[in-house]
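Have a look at the structure below before the remarks.
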Amino acid sequence: MMLVENLTVHYGGIKAVNGISISVPAGKIVTLIGANGAGKSTTLNAISKVIPMKSGTILYCGEDVTRLGYRQMVEKGLVLIPEGRHVFPDMTVMENLKIGAYLRRDSQVRADIDHMHELFPRLAERSNQLAGTLSGGEQQMLAVARGLMTKPRLLMMDEPSLGLAPLIVKNIFSIITGLNREEGLTVLLIEQNAHAALKIADYGYVLETGTVGLEGSGAELLKNTQVREMYLGKTN
Ligand code: ATP
C-alpha cells in the first residue's frame with residue numbers, strides 16, 4: 001500500500017533520518033521501534049507532510065505522492081495521529097469528532113460518530129464536555145477517535161500509549177487490532193512500548209540513529225536477542 005524509499009530528513013545540520021526505506025502492505029500493522037531520538041517521529045511527520053523531506057520517494061496505492069501536501073494526503077486516506085494529545089481544548093468532545101470529518105463529503109459522518117461512541121463509550125458520556133477538561137487518557141481516546149473520523153485507509157500513529165495507564169493502553173491496542181482485523185485498516189505505528197507494538201505487528205523496523213538497523217516480522221523481532229536486550233529490557 002505504501003512504499004517509502006530512501007527517506008532523508010535534515011533539521012538544519014542534523015541528519016535526523018538518513019535513507020530509511022519501509023514498506024507497509026495493505027491490511028497489515030507495521031511498527032517502527034527504536035531508542036529516543038532514533039528518528040521515528042521524524043519519519044512519520046515527513047511521510048504525512050507535516051515537515052519537509054530532503055530526499056526520497058513515497059508511493060501510495062501505486063501513486064507517487066512525494067510532492068503532495070498534508071491536506072491532499074489526508075484526502076487520500078493517509079492520516080497521522082501525532083504524538084501528544086492534540087485535541088481542541090476549547091471545543092466539546094462532539095465538536096472535536098466533527099472536525100475530524102471536515103474534509104469528508106460522504107453521508108456516513110453521523111453513523112461514524114455513533115461508531116466512535118461504541119468504541120469509546122467514555123466519549124459518548126462526555127459528548128458536551130470541553131476537550132481540555134478531559135483526563136489525559138480520555139484526551140488520547142479523543143485524539144484517536146478524531147483521527148478515525150477522517151476515515152483513514154492508512155493510519156499512522158505516533159505513540160498512542162504515551163503516558164497512559166496500562167488498562168487504557170490495553171484498550172487502545174485492542175481497538176487498533178479490532179479495526180485492523182474487522183475493517184481492514186492498515187496501520188503504521190510508533191511505540192516506546194516495543195513489546196506491545198511487536199505483539200500486534202505483522203512486521204517491524206528497528207530504527208537506529210536515522211537508519212533501519214534491523215527488520216523482521218513482529219514475532220521474529222520479539223525473539224531477537226539484540227531487540228530483547230535493547231528495547232524489551234530482557235537479557236535472555
Ligand atoms: P522519541 O522516541 O524520543 O520520540 P524519535 O525516534 O521519535 O524519538 P525524533 O523525534 O524523530 O526521534 O528525533 C530524531 C532526531 O532529530 C533527534 O536527534 C532530535 O533531537 C532531532 N530533532 C527532532 N525534531 C527536531 C527539530 N524540530 N529541530 C532540530 N532537531 C530535531
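For ligands, and for the atoms within them, numbers begin at 1 and follow the listed sequence. What you see is a predicted model, and the numbers here were worked out from it, not measured in a lab.
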- Test item: protein heavy atom less than 4.0 Å from atom 14 (C) of ligand 1: yes
- Query: atom 23 (C) of ligand 1: which protein heavy atom is closest, and how many Å away?
  - Reply: Tyr11 CE1, 3.3 Å
- Nitrogen or oxygen of Gly37 less than 3.5 angstrom from that of ligand 1: yes
- Query: Just wondering, more than 12 heavy atoms not from Tyr11 lying within 6.0 Å of its OH?
  - Reply: yes
- Message: If I compare all heavy atoms of Ala46 with all of Ile58, which pair ends up nearest, and what's the gap?
- Response: O-CD1, 4.4 Å
- Message: Please check if the number of heavy atoms outside Arg153 that lie under 6.0 Å from its CZ is greater than 12.
- Response: no
- Query: Pick one: which of Leu214, Ile33, Ile22 meets side chain to side chain contact (heavy atoms under 4.5 Å, CB included) with Tyr205?
  - Reply: Ile22
- Heavy atom of the protein closest to atom 10 (O) of ligand 1 (residue, atom name, distance): Ser41 CB, 3.8 Å
- Main-chain N/O of Asn180 paired with Glu183 side-chain donor or acceptor, under 3.5 Å: no
- For Thr42, atoms of ligand 1 separated by under 4.0 Å from a heavy atom: 9 (P), 11 (O), 13 (O), 14 (C)
- Verify, without hydrogens or angle tests, whether Asn193 (side chain) and Ala196 (backbone) share a donor-acceptor contact under 3.5 angstrom. yes
- Which option, Glu191, Glu83, Lys15, His10, owns the non-hydrogen atom nearest atom 4 (O) of ligand 1? Glu83
- Are any side-chain N or O atoms of Asp202 and backbone N or O atoms of Ile29, one a donor and one an acceptor, separated by less than 3.5 Å? yes
- Quick note on ligand 1: atoms under 4.0 Å from a heavy atom of Ala35 include exactly 6 (O)
- Chi angles and distances behind the side-chain hydrogen bond (donor to acceptor under 3.5 Å, both in side chains) call for Ser161, Gln192: CA-CA 8 Å; Ser161 79; Gln192 276 289 304; over 6 Å; no
- Task: Could you tell me whether some N/O pair between Ala38 and ligand 1 is separated by less than 3.5 angstrom?
- Result: yes
- Message: Give the atom numbers and elements of ligand 1 that come within less than 4.0 Å of a heavy atom of Gln192.
- Response: 2 (O)
- Query: Hey, looking at atom 16 (O) of ligand 1, which of Ala46, Ala16, Gly39 has the closest heavy atom?
  - Reply: Ala16
- Neighbour count above 12 (heavy atom, 6.0 Å) for Arg67 CZ: no
- Among all protein heavy atoms, pick out the one at the shortest distance from atom 2 (O) of ligand 1; state its residue, atom name and that distance to 0.1 Å. Lys40 NZ, 2.8 Å
- for atom 3 (O) of ligand 1, nearest protein heavy atom and its distance come out as Asn36 ND2, 2.9 Å
- Do protein heavy atoms approach atom 20 (O) of ligand 1 to less than 4.0 Å? no
